[in-house]
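Each remark here refers to the structure printed beneath this line.
In what follows, chains are A, B, ... by sequence order, proteins preceding strands, each numbered from 1.
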Amino acid sequence: MKLKFELVKKDGKTNGRLGKITYQNQVYETPMFMPVGTQATVKTLSPEEVKDAHAGIILANTYHLWLRPGDDIIKKAGGLHKFMNYNGPILTDSGGFQVFSLANPKDISEEGVKFKNQYNGDELLLTPEKSIEIQENLGSDIIMSFDECPPASASYDYLKNSVLRTLRWAKRGKDFHSNPDQLLFGIVQGGAHEDLRKLSALKLVEMDFDGYSIGGVANDHESKEDMYKAFSYSTKYLPENKLRYAMGIGEPIDIIEGVIRGIDIFDCVSPTRLARHGHALTKYGKINLKNAKYKDDFSPISSDCDCYACQNYSKAYIKHLINAEETFGARLLSIHNIRFLTSLTENIRESIKNDSLLEYRDEFIKNYYGDNHE
RNA sequence: GCGGAAUUGGUGAAGUGGUUAACACACUAGAUUGUGGCUCUAGCAUGCGUGGGUUCGACUCCCACAUUUCGCC
């Protein structure tokens, strides 16, 4: 039942790593992209479609499932896997991101974070212990410590205090955690400051978590430079034999740059959110199918893509579905965009095997940001 | 045939004798990184059925015509 990680190979020229996750007799390779299914569903997709897009681990969210339908209901259903009929690995976020996106600074205290239940107005308190308890009820395979995810624009002093509190929260969560079948990850914070990232990482490593996440990235219009610093300053102090997870990343180039800096797994809402807004990821950049020029373009999104959408449908048809607000359009684009990112990580893995990750990055940039078109 | 009412952008429409014709939808672009599918940003009538007239000035007032619509023969 317990998920295991093994480091297989390191890239010759970068900090890129090839790894292997074993879960219920299935092997999943890293670097890996994980689609997000906040409310126990990858929006618009069935579990079969998620797997057909070559996804392995998927995400769900503590905060959302706590409020609805309630972790007690999911526990009663026999856990998240049974409830949503997904037999691959599931990772849950702790609710820490909702501290960033939903709570006011004044609602954050040493004890935890106060939220207002958006459905009935009840006042709720999410604490490090409560977050772990919920995640244990959900029965996910990888669970996150409850952290504060501060905005990138926060001051050094704020970040430092936040890092220290998040470390205390990590300790409380770890002490509370009781299910050995669930891997518990600590979350490294500290913005783009090396001393804070170092402090955060080393203290977490001292507590000996099952894996380590890098949080507080891609928030608040943070620059890419700062994001990549946060990656480097974090992985530098993390053990090699544990998974490193960049939370909420993301864009294809950020995944590549993350791998170069030693990160193994990534999650992001972008493939499915972009899909719902009519965008498709391609080797030659992001395209907007709402654009009028696609109205009579009967070619697939990508001629070399093996996904269900590209094998069977044209840009013109998908554009029509998006314009008509038919959910099938969002579904086809979600399948394609997820497949694009899983395919990207397949290419990354292949290039690590050949010690050619940097060359792969340069070629990717040339195509993705160049003015080539299919 | 007679009488009444109406005619503003792709659509539904507001509007006043005097700067750049409200608003909404649609449309055209853009944004979206540990998910509300929400949302946000920008653009979009050089013109108010057509032709005359009154006026310093008309989408607004007057006349004719066209079209639509209602009622009566």
Side-chain angles (χ1 to χ4, degrees), chain A residues 33-45 57-65 67-68 90-103 118-119 131 135 140 142-152 166 185-189 211-224 226-228 230-231 244-258 263 265-281 285-295 319 321-331 333-334 337-338 341:
Chain A
F33 174 77
M34 311 181 288
V36 176
T38 302
Q39 314 216 55
T41 172
V42 178
K43 292 185 192 295
T44 74
L45 301 186
I57 303 175
I58 62 171
L59 258 76
N61 190 292
T62 296
Y63 173 80
H64 298 263
L65 297 175
L67 266 57
R68 187 171 65 186
I90 299 176
L91 181 155
T92 42
D93 188 20
S94 60
F97 185 68
Q98 280 62 46
V99 178
F100 164 72
S101 64
L102 300 175
Q118 57 186 287
Y119 305 115
S131 176
Q135 294 184 77
S140 43
I142 301 177
I143 68 178
M144 293 297 121
S145 296
F146 187 60
D147 67 324
E148 181 190 359
C149 182
T166 288
F185 281 32
I187 302 178
V188 181
Q189 290 286 356
Y212 299 91
S213 306
I214 293 154
V217 283
N219 291 338
D220 208 16
H221 304 95
E222 171 198 45
S223 72
K224 287 202 185 295
D226 281 352
M227 184 196 302
Y228 301 157
F231 292 159
R244 291 99 169 257
Y245 161 34
M247 307 185 79
I249 306 301
E251 288 180 15
I253 188 59
D254 296 338
I255 292 175
I256 297 172
E257 296 289 358
I263 291 160
I265 58 177
F266 303 83
D267 81 287
C268 192
V269 302
S270 85
T272 45
R273 178 183 288 164
L274 288 174
R276 275 177 262 117
H277 290 68
H279 295 77
L281 297 169
K286 186 177 76 180
I287 65 172
N288 185 355
L289 286 173
K290 286 183 176 174
N291 289 357
K293 63 183 172 185
Y294 297 115
K295 67 176 187 287
K319 172 185 171 47
L321 295 176
I322 294 293
N323 276 11
E325 295 178 47
E326 287 290 344
T327 56
F328 191 45
R331 183 167 150 208
L333 283 176
S334 293
N337 286 343
I338 290 173
L341 292 179

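Nucleotide B/G49: paired with B/C65 (Watson-Crick or G-U wobble, both distances less than 3.5 Å). For B/U41, the paired nucleotide is B/A29, the pair qualifying as Watson-Crick or G-U wobble because both relevant distances are below 3.5 Å. With both pairing distances under 3.5 Å, B/G18 is matched to B/C56 as a Watson-Crick or G-U wobble pair. Taking a pair to require two hydrogen-bonding distances under 3.5 Å in either a Watson-Crick or a G-U wobble arrangement, B/A24 pairs with B/U11. Pair check for B/G71 finds B/C2; Watson-Crick or G-U wobble, both atom distances under 3.5 Å.
Atom name P, nucleotides B/C25 and B/U39: the rounded distance is 10 Å, in whole Å. Comparing the C1' positions of B/U68 and B/U16 gives a spacing of 26 Å, expressed to the nearest Å. With both ends at atom C1', the span from B/C2 to B/G49 equals 24 Å, rounded to whole Å. Nucleotides B/G18 and B/A13 are separated by 25 Å at their P atoms, to the nearest Å. Using atom P as the reference point in both B/U54 and B/A24, the two lie 40 Å apart (nearest Å). Using P as the reference atom, B/G10 and B/U28 are 15 Å apart when rounded to the nearest Å. Atom C1' of B/C23 sits at a distance of 23 Å from the matching atom of B/G30, rounded to the whole Å. A gap of 15 Å separates the P atoms of B/G51 and B/U46, to the nearest Å.
Both A/T327 and A/N219 sit near RNA chain B, but only A/N219 has its closest nucleotide nearer the 5' end.
Crowding of A/K293 atom NZ: a count of heavy atoms from other residues, nucleotides or ligands under 6.0 Å not exceeding 12.
Computed from coordinates, the A/R273 CZ to B/U32 C1' distance equals 6 Å when rounded to whole Å. Rounded to whole Å, atom P of B/G36 lies 7 Å from atom CD of A/Q98. Atom OH in A/Y294 sits about 13 Å away from atom C1' in B/A29, given to the nearest Å. We find that NZ of A/K295 is positioned 13 Å from P of B/C27, with the value rounded to whole Å. For the pair A/R276 CZ and B/C38 C1', the computed distance is 10 Å after rounding to whole Å. If you take NZ of A/K43 and P of B/C38, they are 10 Å apart, rounded to a whole angstrom. When rounded to the nearest whole Å, the span between CD1 of A/I255 and C1' of B/U33 equals 9 Å. Between the NZ atom of A/K319 and the C1' atom of B/A26 there is a distance of 12 Å, rounded to whole Å.
As judged by a 4.0 angstrom heavy-atom cut-off over every strand, A/Q39 is placed among residues making no nucleic acid contact. Residue contacts shown for A/L91 are absent, as no nucleic acid heavy atom lies under 4.0 Å away. Using a 4.0 Å heavy-atom cutoff across all strands shown, A/G37 reaches no nucleic acid atom at all.
Taking only side-chain nitrogens and oxygens, A/H279 never comes nearer than 4.0 Å to OP1 or OP2 of B/U32. Here A/N288 reaches the OP1 or OP2 of B/G30: one of its side-chain N or O atoms lies under 4.0 Å away. Checking the phosphate oxygens (OP1, OP2) of B/G30, no side-chain nitrogen or oxygen of A/K286 falls inside 4.0 Å. The side chain of A/N291 contributes an N or O atom lying less than 4.0 Å from OP1 or OP2 of B/A29.
A salt bridge does not link A/K224 with A/E257: every distance from a Lys NZ or Arg NE/NH1/NH2 to an Asp or Glu carboxylate oxygen is 4.0 Å or more.
In this structure, a donor-acceptor pair under 3.5 Å is absent between the side chains of A/D93 and A/Y63. Between A/Q189 and A/T166, the side chains place no donor N or O within less than 3.5 Å of an acceptor N or O (distance only, hydrogens not considered).
Closest approach to the A/E325 side chain among B/G36, B/A26, B/U33 is made by B/A26 (side chain taken as heavy atoms from C-beta onward). Comparing B/U28, B/U32, B/U33 by their closest approach to the side chain of A/A292 singles out B/U28. For A/K224, the listed nucleotide lying nearest its side chain is B/U33; candidates were B/G36, B/U33, B/A31. Nearest to the side-chain atoms of A/A218 among the listed nucleotides B/U33, B/A29, B/U39 stands B/U33. Taking every side-chain heavy atom of A/E251 into account, B/U33 is the closest of B/U33, B/C38, B/G36.
Contact between A/I249 and A/A218 at its shortest, heavy atoms only, is CD1-CB, 3.6 Å. Closest heavy-atom contact between A/P271 and A/L341: CG-CD1, 3.8 Å. Here the shortest heavy-atom pairing between A/T38 and A/L65 reads O-CG, 3.9 Å.
Scanning for side chain to side chain contact (heavy atoms under 4.5 Å, CB included) contacts around A/A330 gives A/T44, A/R276, with sequence neighbours left out.
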